[in-house]
Amino acid sequence: MANVVVIGTQWGDEGKGKVVDLLSAHAHRVVRFQGGNNAGHTIVVSGERFVLHLIPSGILYPDTRCLIGNGVVVDPEVLLEEIKGLLDRGVSIDPKKLGLSERAHLIMPYHKAIDMAREKAKGKSKIGTTGRGIGPCYEDKVARVGIRAVDLTEPDILRQKIKANLKEKNFYLTNFFGCEPLEYEPMVDTYLSLSRELSPFIVDVSTELDEAVRSNENILFEGAQGTHLDIDHGTYPFVTSSNPVAANACVGAGIGPKGLDSIVGIVKAYTTRVGSGPFVSELTEGTGKYLRERGQEFGATTGRPRRCGWLDLVVVRYSARINGITHLAVTKLDVLTGLDPINLCVAYKYRGKRLENVPTKLSELNGCSPIYEQMDGWKEDISGARAFEELPKKTQAYIRRIEDFVGVPASIISAGSGREETIVCKNPFDG
Ligand code: IMP
C-alpha cells in the first residue's frame, strides 16, 4: 500500500486531471491539498469531457472517496454548483463519496471583489489572476481573520465573523478602490443557506486519513497549479498564493511527512503559461500558435489563451529538486507529432553567460534567452501506442532525453486525452 502525490512541474495545466483520474483506479481516497477553483482539471472518459475545479479528479470512480483538505480555499457556491453539475451528468455524489475539511478556508464575496479590483488597478503590471478571490482568501487565513468550513456549522460565529470582516473590507473597497460596498444581510443569508447544503460533507480529513493509512489504504494526493506558480518557489510575484509543491500535501491534508511514498511530477511535452510573468522558451508566433491550436491550450477555468513554447527542461529539473520527484508523467506528447525539428531548452543565456538554473531575480529571468538542443521530430500517429517500445524511435529518444536531463524515469506517457491513450511503464503505487 502506498501514498502517491501528483504535482505539476511547470506553470499548471500539465494534464494532472487525466493522470489523477488514471491513478485513482488504484486509490481508496483522493485528496486535494491546496489551491481553489482557480484550478481546472480536465478528464475525458469514453469521449465525455469533465472539467473539475474543486472536487478531486477521482470522483468519476464509484468506490473512490474524495476529500478536500484544509489547505484548499473553497468557494461554497462553486462547490455546490460542481456537485449539482456532476449529479446532473449521472455521477453519484453524497457525503459518503465526498468530504470537505472543517479547517478549509472559505472564499467570501469580498475576496473576489478585492481580487478583481486589485487586478484592475494594477493595469499592465497585473498578475493575471483568475479573479476567483484565491489570493485575498489566503491573506485572511494568514491574518487570522479567515472563515473556515467549520464556521458554517455555527451560525452565530459565522454572523459575527462576516460582520467584523465586512467592516474592514468595505472600507478598503470603497476608499481605496472606489468600489461599491458589499451588503451584510444578503451575504449572511446566502452563506447560511449554503451551510445547510454543505454541512453534511464537512469532516475531519486529517483523522480520516490517519485511519486510512493505518488500514493500509492507497491514498492519492492531487496537486493543483504547478511548481513555478508556487508562492515560495515560483516566479514571484507572478505566482498563485499557495504551495503547489509536494511537501504541502502533508500540511494541506494533515498527514506527517513520512506518509508520502511516490511523487509524480507531471511534465507537459512542451511548456504553457496563463497570466503574466517570465517564460523563457515562449514562442509568440508560428510554432507557438500551432501548439495552442493543436493542444487546445485555452484555460479550463477562464478560457484565456495560454502562452506556449518549447519544453523548458531547466524548469522541470528545478521542480524535480524542489518536489523530490520519483516518477515523471509526460503528457500531451501527441501534440508534438509532425513538428520537425523539436527544440528542448537545456540552459539559459543571460548577458552572454550560460545559466544552468532558474535565477531568482526577476530582472535576470526576464533578460534570459533559451539555449536549445535540437532533436528529430516524428510523423507517426502515437495515440495507439500502449507500450514504450511501440513508440517511434525518435519519440523514444525525446522521452529518454527528458529522463536523462531531469534524472527521473518517465513512468507514465500520455499521447491523447482519453484514459486509454496512455503508456504506464511503472505504476507509482508499486513504489
Ligand atoms: P490566482 O491563483 O487566481 O491568484 O492567479 C495567480 C496566477 O496563477 C495567474 O497567473 C493565474 O493564471 C495562475 N493560475 C492559477 N491557477 C492556475 C491553474 O490552475 N492553471 C494555470 N495557471 C493558474
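The model shown is predicted, which means the values in this text are computed figures rather than measured ones. Counting from 1, the numbers follow the sequence of the chain as shown. Read the numbers this way: they start at 1 and go in the same order the structure lists the ligands and their atoms.
For the residue pair Trp11 and Thr272, no side-chain donor N or O sits within less than 3.5 Å of a side-chain acceptor on the partner. Side-chain contact annotation: Asn323 with Thr227, donor-acceptor N/O pair under 3.5 Å present. Between the side chains of Asn38 and Gln225, at least one donor N or O lies within less than 3.5 Å of an accepting N or O.
Of all protein heavy atoms, the one lying nearest to atom 13 (C) of ligand 1 is Leu229 CD1, 3.9 Å. The nearest protein atom to atom 12 (O) of ligand 1, hydrogens excluded, is given as Arg304 NH2, 3.0 Å; this is a heavy-atom distance. Scanning the protein for heavy atoms near atom 5 (O) of ligand 1, the closest one is Thr129 CA, 3.3 Å. Among protein heavy atoms, atom 3 (O) of ligand 1 sits closest to Thr130 OG1, 2.6 Å.
Those atoms of ligand 1 that come under 4.0 Å of a heavy atom in Trp11, given as number and element, are 21 (C), 22 (N). Within ligand 1, counting atoms from 1 as listed, the ones closer than 4.0 Å to a heavy atom of Gly275 are 10 (O). The contact set between ligand 1 and Gly128, taken as ligand atoms under 4.0 Å from a residue heavy atom, comprises 9 (C), 10 (O), 11 (C), 12 (O). Residue contact check: Val274 has heavy atoms under 4.0 Å from atoms 10 (O), 12 (O), 21 (C), 22 (N) of ligand 1. Near Asp13, with a cut-off below 4.0 Å to any heavy atom, the atoms of ligand 1 are 20 (N), 21 (C).
Under 4.0 Å is where a charged nitrogen must lie from a carboxylate oxygen, and between Asp140 and Lys161 no such pair does. The existence of a salt bridge linking Lys289 and Glu293 is excluded, since no basic side-chain nitrogen approaches an acidic carboxylate oxygen closer than 4.0 Å. A salt bridge does not link Glu81 with Lys84: none of the charged nitrogens is closer than 4.0 Å to a carboxylate oxygen. Using a 4.0 Å cut-off between a side-chain N of Lys or Arg and a carboxylate O of Asp or Glu, Glu297 and Lys268 qualify as a salt bridge.
Geometrically, ligand 1 and Asn38 share a nitrogen or oxygen pair separated by less than 3.5 Å. Considering both main-chain and side-chain atoms, Thr240 comes within under 3.5 Å of ligand 1 through a nitrogen or oxygen pair. When only interatomic distances are considered, the shortest N/O to N/O separation between Val239 and ligand 1 does not fall below 3.5 Å. Considering backbone and side-chain atoms alike, Gln225 places an N or O below 3.5 Å from some N or O of ligand 1.
Using a 4.0 Å heavy-atom cutoff, Phe238 is absent from the residues neighbouring ligand 1.
Formation of a donor-acceptor pair under 3.5 Å by the Gln10 side chain with backbone atoms of Val316 is not found in this model.
Identified under the side chain to side chain donor-acceptor pair (under 3.5 Å) test for residues 112-122, with sequence neighbours left out: Asp75-Lys112, Asp115-Thr129, Arg118-Glu139, Arg118-Tyr172.
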